[in-house]
Novice: 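The following block contains the structure, expressed as structure tokens.
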Amino acid sequence: MATADTDTPPHRYSAALAQDIEMRWQRHWDENNCFDAPNPAGPLADPAALDGRPKLFVLDMFPYPSGAGLHVGHPLGYIGTDVFSRYKRMAGFNVCYTMGFDAFGLPAEQYAVQTGTHPAITTAANVANMRRQLKRLGLSHDPRRSIDTTDPGYYRWTQWIFLQVFNSWYDTDAPARNGEGRGRARPIDELIAELESGTRPTPDGRPWATLTEPERRVVVDDRRLAYVSEAPVNWCPGLGTVVANEEVTADGRSDRGNFPVFKRNMRQWMMRITSYADRLIDDLDLLDWTDAIKTMQRNWIGRSEGSRVRFTSAAGDIEVFTTRADTLFGATFMVLAPEHSLVAALTTAEQADAVAEYRTAAAAKKDIDRQDATRTKSGVFTGSTATNPVNGQQVPVWIADYVLTGYGTGAIMAVPCGDQRDFEFARQFGLPVPAIQQPPQSWFDERSIEPSLDTSTWPEAFVGVGTYVQSANDDGLDLDGLTSIEEGKCRTNEWLSARGAGHATTNFKLRDWLFSRQRYWGEPFPIVYDEHGPIALPDTDLPVLLPETDSFSPRTFDADDEFSNPESPLDRLDWWNEVELDLGDGLRTYRRDTNVMPQWAGSCWYELRYLDPTNENAFVDPVVEEYWMGPQADTAEGKHHPGGVDLYVGGVEHAVLHLLYSRFWHKVLYDLGRVSSMEPYYRLYNQGMILAAAFKDEREIYVEATEVDERDGGFYFEGQPVTREWGKMGKSLKNAVSPDEMYDAYGADTLRLYEMSTGPMDASRPWETRDVVGMYRFLQRLWRNMVDEQTGEISLGGPADDATIRLLHRTIDGVRADLDNLRVNTAISKLIELNNHLTKQGRCPADVAEPLVLMIAPLCPHVAEELWAKLGHTESLIRDPFPVADPALLVEHTIELPVQVNGKFRAKISVAADAPDDVVGAAALADEKIQTALAGAVPKKVIVVRGRTVNIVA
RNA sequence: GUCGAAGUGGCGGAAUAGGUAUACGCGCUAGCUUGAGGUGCUAGUGGGAGAAAUCCCGUGGGGGUUCAAGUCCCCCCUUCGACACCA
């Protein structure tokens, strides 16, 4: 630890000096509003300051203001965006860069339940503490733009956007707003107008005029993008609330709290995100995101192209979804999910007991058990058959729990010869397995069996591409002899459509978004109910303030009490939820909606509010939105730029939830003409995580990581051996390191450099406190090269020699390229190399000092400002131009070339940079070491790679 | 199981377009400074052989392409992440 004592020079760059410098410059930036970014219009407008500068919108995923405050793992991304923002500001950009807080959510509410402290009070205190910690890092945020999702001035617009969604419907036939393709959200009034005029029929065909008012309400409400629905939801008694599919873990428990979750039918708010499924997938192509994240979103939405096929039965038509309609001739049985609505009607008397028993058993199973693919197939015959449309065969109908209600139609046709699960099922229950494709010879060879269409000899289903056999009927469908699956599907679909037995379709895994929560600390819905259903409150009634109470928790139940019913904290507030309003037909009593919105709501649009945070007339001024987020020039590949934030940095953990919901809201706003951008986040960058060592004792309990000693390759806590693992920093692993400790020991500039230097931004890396000193030493050497440690005065050397100037320009060139591509770690190593070169010379040459300080500035802004001032400048350097390399100084006259003999490095030669290949080759051959290495052998070939190497083949 | 990302010194990591593997930092070793420790500074530091010059081996493993492979191709192993009976 660096403590100044008697023999330390008075003006050494010590932790104390660093802190002094940092506090002074942070105050200076604050008092002079240095990071205010002007808008083109509205309260933050300063059109003159825009001055033709290109815009850049840099965004961090905003944090939840946790009571524990920041640890050093949090700011990795923030430091990265700050370095980038500062660099771009110096490169002439108008940079919008700020920070807000996603402050609704469970922890503050649970804390309130325990202590009685109102969540608003806890939240305000936590936000203040996090603001202090972030400011101490020297982040160049525009403080005017900061928002907090719990501020009524903010959530008023969250409620307003909800009403936009509520008051919209999705018209699949309307031309897209950008003119490409069809489908867009339209105002609900336009739907009502079409129904009234009769241009659009009512669902059951009765004229609109003959419908009663309640009937009309139902027709319209059924089309809204936000709707109340009796739908299967995830009920979590332990939390006392429902949760979204996305918040349920793979083993059927709640993401928060880890309580069991049950599928139940309940009336809840839903958002029709499925209407946007195609666009949410297709528009990923327009975005500059990593393929990993795009793949995760695609998989989540889960689009699959296939067909719906109707099998007729005595109990009614059974519709199945299949991606392989071409295999219909091999479909020898059907399997329905145990919950399928036709099961009761299909079940015969003899099978009734078995079916009932199976259904009960399936219902009792947790999702986790039903999803175990390795267990043997189970199932029960219903006793009925259905008719295969292509060949009229009667196929038995079974139920089995491997067929899921929530996917497709909850029923499948089973093609045992071509699907491994169906194959196993058929084998187990002795069902026929006719072959419909001739597998190639190699398939049989690999399994060491004789080629045969007798599937009883097959060890498994054939899933490859083969020639169709036994796939024809006498009604015009004949696939025999075909080898193309595409062609097979296509012909089958045509045949099915022509006979009304099926059609091509697209199926999605994505479900509509469950949008209500039975909790307190969230945005209330701007909705009241009359006896017929929900009614939107007018804009003038916004915000609907969260009512005061001292009872914050929903009623929770025994975690396993599946049949309990939700009761939100707002339900109990009769004074609040009974309300007298005049909504157009006189003063009447209504009931308020007592749900609150999920935490995702506030984060679905915060980037837009950053742009125009004080606007009281709109969520964002369209002129301001278009300036910062509007589409830019087409990309190099000729793709249209969809608009959006220029750089969005955050962790992968939001790859599906936040990013999907946010894109959905943004697209609705786009369709309604409220924003000019089609997508919220044009470029997404996922930063890695900082991991820290955590230690467990023999009882598997975590011990305080700072108290663990390492010796002889082992780890010990209070003398007892402990085991090490790497994990996310935090309270639970007892391994958090606070940035405040680092400020005290080294200062913020050292912490910033350390976090940036340990690896590329997108990589996770372990935190090592003992490594931090390396960057501290670098700053000390940098300081000493320019400042006299005894007097504190600037002290530079004479003009730089040629080699130093050339190194400087190479450094400028490299640092620019690195920072442009967020390769901050290698930018730092180049700056250290330059500084190490200067250290060998004793002093920093006078003509190197300024460019060096400017290059350091985005990384460690405080020490850079201090040195800049010492160099005689009276203004802050935050808008001084970043140095530009002189191309002439990047070209070397003489270069050193490695020479290889048979691919092995043997010698270095020095040649003129522009020497022709034959001269370089001759010089290589003439080298003494090369002659030795050749040992008299005659070179067969001399390969000269310009400016790179010479290889002699002997 | 499927999909995705990644395996380079004791550690974190460098290596534009296939062209000197290990930049930069930590740690370690030696020396200077100091009463001592720390800080600071200087030099060295992939492994093996050798007094040295130098030589051999080295980017998870095995093959291949090439004058030349950490980088490209094929197979395998390991780690991490996501999804998971998706019809």
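Since the structure is predicted, the reported quantities are computational estimates derived from the model, not experimental observations. In what follows, every chain begins at residue 1, and chains take the letters A, B, ... in the order their sequences are listed.
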Novice: Below 4.0 angstrom from OP1 or OP2 of B:G25, is there any side-chain N or O of A:R765?
Specialist: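 Indeed not, no polar side-chain atom of A:R765 lies that close.
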
Novice: Assign A:I832 to base, sugar-phosphate, or nothing according to its heavy-atom contacts below 4.0 angstrom with the strands shown.
Specialist: sugar-phosphate

Novice: Going by purine N1 to pyrimidine N3 plus the second Watson-Crick contact, or the G-U wobble pair, all under 3.5 Å, which nucleotide sits opposite B:U78?
Specialist: B:A6

Novice: OP1 or OP2 of B:G19 less than 4.0 angstrom from a side-chain nitrogen or oxygen of A:N951, does that happen here?
Specialist: no

Novice: Does A:F425 have its ring centroid less than 6.0 Å away from the ring centroid of A:F333?
Specialist: yes

Novice: Looking only at non-hydrogen atoms, find the nearest pair between A:A461 and A:P416 and report the distance.
Specialist: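 Heavy-atom minimum between the residues: CB-O, 3.7 Å.
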
Novice: Please tell me if the side chains of A:L753 and A:D749 come closer than 4.5 Å, counting only heavy atoms from C-beta onward.
Specialist: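 No, side chains not in contact.
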
Novice: In whole angstrom, what separates A:N686's CG from B:C80's C1'?
Specialist: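 Taking atom C1' of B:C80 as the reference, CG of A:N686 is at 15 Å.
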
Novice: Could you tell me whether the side chains of A:T492 and A:D326 share a donor-acceptor contact shorter than 3.5 Å?
Specialist: no

Novice: May I ask you to check whether A:T949 and A:Q900 show a side-chain donor-acceptor distance below 3.5 Å?
Specialist: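 The criterion, which ignores hydrogens and geometry beyond distance, is satisfied for A:Q900 and A:T949.
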
Novice: Can you check the A:L807 CG to B:C24 P distance for me, whole Å?
Specialist: 12 Å

Novice: On a whole-Å scale, what distance lies between the C1' atoms belonging to B:A30 and B:A17?
Specialist: 43 Å

Novice: Using the side-chain heavy atoms of A:T839, tell me which of these nucleotides is nearest: B:U20, B:U42, B:C85.
Specialist: B:U42

Novice: Whether A:R777 contacts B:C26 is assessed here as follows: a side-chain N or O lying under 4.0 Å from the phosphate OP1 or OP2. Is that the case?
Specialist: yes

Novice: Fit a plane to each ring of A:Y776 and A:Y746, take the angle between them on a 0 to 90° scale, and name the class: parallel (under 30°), tilted (30 to 60°) or perpendicular (over 60°).
Specialist: perpendicular

Novice: Between A:E305 and A:T506, is there a side-chain donor-acceptor contact under 3.5 Å, judged purely by atom types and distance?
Specialist: yes

Novice: Answer syn or anti for B:A84, where the cut-off is 90° from 0 on the glycosidic torsion.
Specialist: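 Here the answer is anti: the torsion falls beyond 90° from 0.
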
Novice: Under 4.0 Å, heavy atoms only, any strand: does A:N507 hit a base, just the sugar-phosphate, or nothing?
Specialist: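 Contact class for A:N507: none.
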
Novice: Where does B:G61 fall, syn or anti, if syn means a chi angle no more than 90° from 0?
Specialist: anti

Novice: Classify A:R298 by what it touches in the nucleic acid, base, sugar-phosphate, or nothing, heavy-atom distance under 4.0 Å.
Specialist: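 The residue A:R298 makes no contact with any strand.
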
Novice: Would you kindly give the OH-to-P distance between A:Y13 and B:G40, to the nearest whole Å?
Specialist: 14 Å

Novice: Looking only at the side chain of A:R421 (C-beta and beyond, no hydrogens), which of the listed nucleotides B:G40, B:C55, B:C86 gets closest?
Specialist: B:C86

Novice: Need the pair for B:U29. Rule: Watson-Crick or G-U wobble, both distances under 3.5 Å, any strand; none if unpaired.
Specialist: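 Across all strands, the one nucleotide that pairs with B:U29 is B:A43.
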
Novice: Rounded to whole Å, please give me the gap between CG in A:N836 and P in B:G44.
Specialist: 13 Å

Novice: From C-beta outward on A:T322, which listed nucleotide comes closest to its side chain: B:A87, B:G12, B:U54?
Specialist: B:A87

Novice: Counting side-chain heavy atoms from CB outward, which of B:C83, B:G25, B:A14 is closest to A:K509?
Specialist: B:C83

Novice: Quick one: does A:R765's side chain have a donor or acceptor within less than 3.5 Å of a partner on A:E755's backbone?
Specialist: yes

Novice: Now, which nucleotide makes the Watson-Crick or G-U wobble pair with B:G38, with each of the two distances under 3.5 Å?
Specialist: none

Novice: More than 12 heavy atoms of other residues, nucleotides or ligands under 6.0 Å from NZ of A:K728: yes or no?
Specialist: no

Novice: What nucleic acid atoms does A:S764 come within less than 4.0 Å of, heavy atoms only: base, sugar-phosphate, or nothing?
Specialist: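 Contact class for A:S764: sugar-phosphate only.
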
Novice: So, is A:K904 near the phosphate of B:C57, with a side-chain N or O under 4.0 Å from OP1 or OP2?
Specialist: yes

Novice: Check every strand shown and say whether A:D419 touches a base, only sugar-phosphate, or nothing at a heavy-atom separation below 4.0 Å.
Specialist: nothing

Novice: Name the nucleic acid region contacted by A:K830, choosing base, sugar-phosphate or nothing; use a 4.0 angstrom heavy-atom cut-off, strictly under.
Specialist: nothing

Novice: Consider the side chain of A:M775, meaning its heavy atoms from C-beta on, and name the nucleotide among B:G25, B:G27, B:G4 that approaches it most closely.
Specialist: B:G25

Novice: For B:U45 and B:C26, measure between their P atoms and round to the nearest Å.
Specialist: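 Result for the P pair: 16 Å, nearest Å.
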
Novice: If the C1' atom of B:G12 is compared with that of B:C28, how far apart are they to the nearest Å?
Specialist: 16 Å

Novice: If the C1' atom of B:G27 is compared with that of B:U22, how far apart are they to the nearest Å?
Specialist: 16 Å

Novice: So, does A:R781 get its side chain near the phosphate of B:U39, meaning an N or O under 4.0 Å from OP1 or OP2?
Specialist: no

Novice: Quick check on B:G25: is either OP1 or OP2 less than 4.0 Å from any side-chain nitrogen or oxygen of A:N825?
Specialist: no

Novice: Counting heavy atoms from C-beta on, name the nucleotide in B:C67, B:C3, B:G12 closest to the side chain of A:V953.
Specialist: B:C67

Novice: What's A:R946 touching, base or sugar-phosphate or nothing? Going by heavy atoms closer than 4.0 Å.
Specialist: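 It contacts nothing in the nucleic acid.
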
Novice: Report the nucleotide, chosen from B:G13, B:C26, B:A23, that has the shortest atom-to-atom distance to any side-chain atom of A:P760.
Specialist: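 Given the options B:G13, B:C26, B:A23, the side chain of A:P760 is closest to B:G13.
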
Novice: Can you tell me, in whole Å, how much space there is between the P of B:C24 and that of B:A14?
Specialist: 14 Å

Novice: Does B:A21 pair with anything, Watson-Crick or G-U wobble, both distances under 3.5 Å, and if so, with which nucleotide?
Specialist: none

Novice: For atom P, what is the distance between B:A21 and B:C57, given to the nearest Å?
Specialist: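 It works out to 13 Å between them.
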
Novice: Looking at B:G25, B:A17, B:C85, which one has an atom nearest to any side-chain atom of A:R948?
Specialist: B:A17

Novice: Looking at every strand, decide which applies to A:E768 at a 4.0 Å heavy-atom threshold: base, sugar-phosphate, or nothing.
Specialist: nothing

Novice: By nearest atom, which of the nucleotides B:G40, B:C3, B:C85 is closest to the A:L404 side chain?
Specialist: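 For A:L404, the side-chain atoms sit closest to B:C85.
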
Novice: What's the gap between B:U71 and B:U33 when it is taken at their P atoms, as a whole Å value?
Specialist: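 So the two P atoms sit 49 Å from each other.
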
Novice: Rounding to the closest angstrom, what is the interatomic distance between B:U8 and B:A23 at atom P?
Specialist: 16 Å

Novice: Please report the shortest heavy-atom distance between A:N825 and A:S757, naming the atom on each side.
Specialist: CB-O, 3.8 Å

Novice: By nearest heavy atom, map A:V772 and A:V656 onto RNA chain B; which one lands nearer the 5' end?
Specialist: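 Mapping each residue to its closest nucleotide by heavy atoms, the 5'-most match is A:V772.
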
Novice: Tell me: CD1 of A:I301 to C1' of B:C3, nearest whole Å?
Specialist: 16 Å

Novice: Return the nucleotide paired to B:C83: Watson-Crick means purine N1 to pyrimidine N3 with N6-O4 or O6-N4, wobble means G-U with N1-O2 and O6-N3, both under 3.5 Å.
Specialist: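 Across any shown strand, B:C83 pairs with B:G1.
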
Novice: So what's B:U54 paired with, Watson-Crick or G-U wobble, going by both distances under 3.5 Å?
Specialist: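 Pairing partner: B:A49.
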
Novice: Starting the side chain at C-beta, find the nucleotide from B:C24, B:A87, B:C41 nearest to A:R784.
Specialist: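 For A:R784, the side-chain atoms sit closest to B:C41.
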
Novice: Tell me which of A:I828 and A:A763 sits closer to the 5' end of RNA chain B, going by the nucleotide each one is nearest to.
Specialist: A:A763

